[in-house]
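All chains are named by letter (A, B, ...) in the order of the sequence lines, taking the proteins before the strands, and each is independently numbered beginning at 1.
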Number of protein chains: 2
Amino acid sequence: MNSLAKISEPPASGCCTPDVLSRGLFALAHPARIEILRYLSGVDYCCCKDVVCRLQLAQSTVSQHLKILLEAGLVRMSPQGQRSRYAVDSKALLALSEAVGGLLNACAARADENGREI
Amino acid sequence: MNSLAKISEPPASGCCTPDVLSRGLFALAHPARIEILRYLSGVDYCCCKDVVCRLQLAQSTVSQHLKILLEAGLVRMSPQGQRSRYAVDSKALLALSEAVGGLLNACAARADENGREI
DNA sequence: ATCGTTCATCGTCGATATACGATGAACAGA
DNA sequence: TCTGTTCATCGTATATCGACGATGAACGAT
């Protein structure tokens, strides 16, 4: 999430830039946020308090994690009275899945082409 | 990368625990490390200095990034004279790809079943 | 109007990430 | 043996993360 070298190469197999990718990956790279995603995907919707009850974390902490997921675009939110309705953005999840899969599979494939074992 | 709530649920569609997953994701969640992976996958092998020449980073910084990728199991290394031979572990990349894809696709699918838009 | 609930934000604290330069070990070659 | 190269590690500085409690805003219910 910081300064990056400029590389004069095509951004590889039709996927995002490293910065966009790493932003999404960072949002995913925390056990609590993975659990939140899983939980969110299993219910129609839920509010912050629901998540607090699931995870053994303070409400403010959960709110922070939700904000990170929100800013990464993996989750959407709409105020609902005194609650906040959270739900996963399935399109965003699929897009990220494709981007990550594209990156990793392309790297693995290219590596296998080169073949030479270490 | 820290304390996590205990959740009394199956770990979801046949993939790793959140901790294992997030460890791999964290290694991937940095633009420089993504670039290193891409670069590594495009050559038979390379040494630390090669990567330093690609990225605009100090040698010590690159060495750190390589260590992170190494400890996450995404990259392998073997000493080669005064160099260090680095190469991607394509099996590990594919495994991570499947795990991430499994997680995200399962979440997206479950969310779409529930259907209710926010 | 008042009370209780829900939530986002602020301030704080400790741990960790990220970057760098400096240093020393390991090695190849002269 | 001496020199230059390569690399990992150490030490350091700064920024950010991840956790918490406290606070105040927004809202529903009485």
Side-chain angles (χ1 to χ4, degrees), chain A residues 1-6 18-19 22-37 39-40 43 45-72 74-87 118, chain B residues 1-6 18-19 22-37 39-40 43 45-72 74-87 118:
Chain A
M1 208 95 354
N2 215 326
S3 76
L4 169 64
K6 289 286 159 267
D19 298 273
S22 60
R23 182 180 302 273
L25 285 171
F26 172 79
L28 214 56
H30 191 286
R33 291 196 286 270
I34 291 181
E35 278 305 332
I36 291 176
L37 265 194
Y39 176 55
L40 273 184
V43 296
Y45 63 92
C46 79
C47 63
C48 180
K49 195 207 171 198
D50 295 336
V51 182
V52 172
C53 292
R54 297 293 283 201
L55 309 183
Q56 214 65 300
L57 293 172
Q59 178 265 325
S60 56
T61 304
V62 170
S63 195
Q64 273 187 341
H65 283 308
L66 284 170
K67 189 180 181 184
I68 289 173
L69 289 169
L70 203 55
E71 287 173 347
L74 304 183
V75 152
R76 279 172 300 143
M77 185 267 274
S78 71
Q80 185 87 8
Q82 62 190 25
R83 313 263 177 113
S84 290
R85 256 171 118 99
Y86 285 96
I118 208 167
Chain B
M1 208 94 351
N2 214 328
S3 76
L4 169 64
K6 289 288 160 266
D19 297 271
S22 59
R23 182 180 302 271
L25 285 171
F26 173 79
L28 214 56
H30 192 286
R33 292 196 286 271
I34 291 182
E35 277 304 334
I36 291 176
L37 265 195
Y39 176 55
L40 273 185
V43 296
Y45 63 92
C46 78
C47 64
C48 180
K49 195 209 171 200
D50 294 337
V51 182
V52 172
C53 293
R54 296 295 281 203
L55 310 184
Q56 213 63 300
L57 292 172
Q59 178 266 326
S60 55
T61 304
V62 170
S63 194
Q64 275 187 340
H65 283 307
L66 284 169
K67 190 181 182 185
I68 289 173
L69 289 169
L70 203 56
E71 288 173 345
L74 303 184
V75 152
R76 280 173 300 144
M77 185 266 273
S78 71
Q80 185 87 7
Q82 61 192 28
R83 313 260 178 119
S84 290
R85 255 172 119 100
Y86 285 96
I118 208 168

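Atom CG of B:L69 is separated from atom C1' of C:dA17 by 14 Å (rounded to the nearest Å). Remark: C1' of C:dA15 and CZ of B:F26 are 12 Å apart, rounded to the nearest angstrom. Between A:L66 atom CG and D:dA19 atom P there is a gap of 13 Å when expressed in whole angstrom units. Rounded to an integer number of Å, the gap from CD1 of B:I68 to P of D:dA8 is 13 Å. Separating the CZ atom of B:R23 from the C1' atom of C:dA17 is a distance of 15 Å, rounded to the nearest angstrom. Distance NZ (A:K49) to C1' (D:dA26): 17 Å, rounded to an integer number of Å. Atoms CD (B:Q59) and C1' (C:dT23) sit 11 Å apart, rounded to a whole Å. In this structure, B:Y45 places its OH atom 11 Å from P of D:dC7, rounding to the nearest Å.
DNA chain D is contacted by both A:G81 and B:C46; B:C46 maps to the nucleotide lying nearer its 5′ end (nearest heavy atom per residue). Mapping B:Q82 and B:Q64 onto DNA chain C by nearest heavy atom places B:Q64 at the nucleotide closer to the 5' end.
The CD1 atom of B:I36 lies 5.0 Å from the CG atom of B:L66; values are rounded to the nearest 0.5 Å. How far NZ of B:K67 is from CG of B:L70: 9.5 Å, rounded to the nearest 0.5 Å. Interatomic distance, CD of B:Q64 versus CD of B:Q59, reported as 10.0 Å (0.5 Å rounding).
For C:dA26, the OP1/OP2 oxygens have no side-chain nitrogen or oxygen of B:R83 closer than 4.0 Å. Checking the phosphate oxygens (OP1, OP2) of D:dC7, no side-chain nitrogen or oxygen of B:K67 falls inside 4.0 Å. Remark: B:H30 is in phosphate contact with C:dA19, judged by side-chain N or O atoms under 4.0 Å from OP1 or OP2. When the side-chain nitrogen and oxygen atoms of B:S60 are compared with OP1 and OP2 of D:dT9, none of them lie within a distance under 4.0 Å. Between B:Y86 and D:dA8 there is a side-chain N or O to OP1 or OP2 distance below 4.0 Å. Contact between the side-chain N/O atoms of B:T61 and the OP1/OP2 oxygens of C:dC20 is found at a separation under 4.0 Å. Here B:H65 does not reach the OP1 or OP2 of C:dA17: none of its side-chain N or O atoms lies under 4.0 Å away.
Side-chain contact check for A:E35 versus A:R54: every heavy-atom pair is 4.5 Å or farther apart. Considering only heavy atoms from C-beta on, A:L55 stays 4.5 Å or farther from A:T61 through its side chain.
Using a 4.0 Å heavy-atom distance criterion, B:S63 is classed as a base contact.
Of the candidate nucleotides D:dA8, C:dA8, D:dG21, D:dG21 has the atom lying nearest to any side-chain atom of A:A58.
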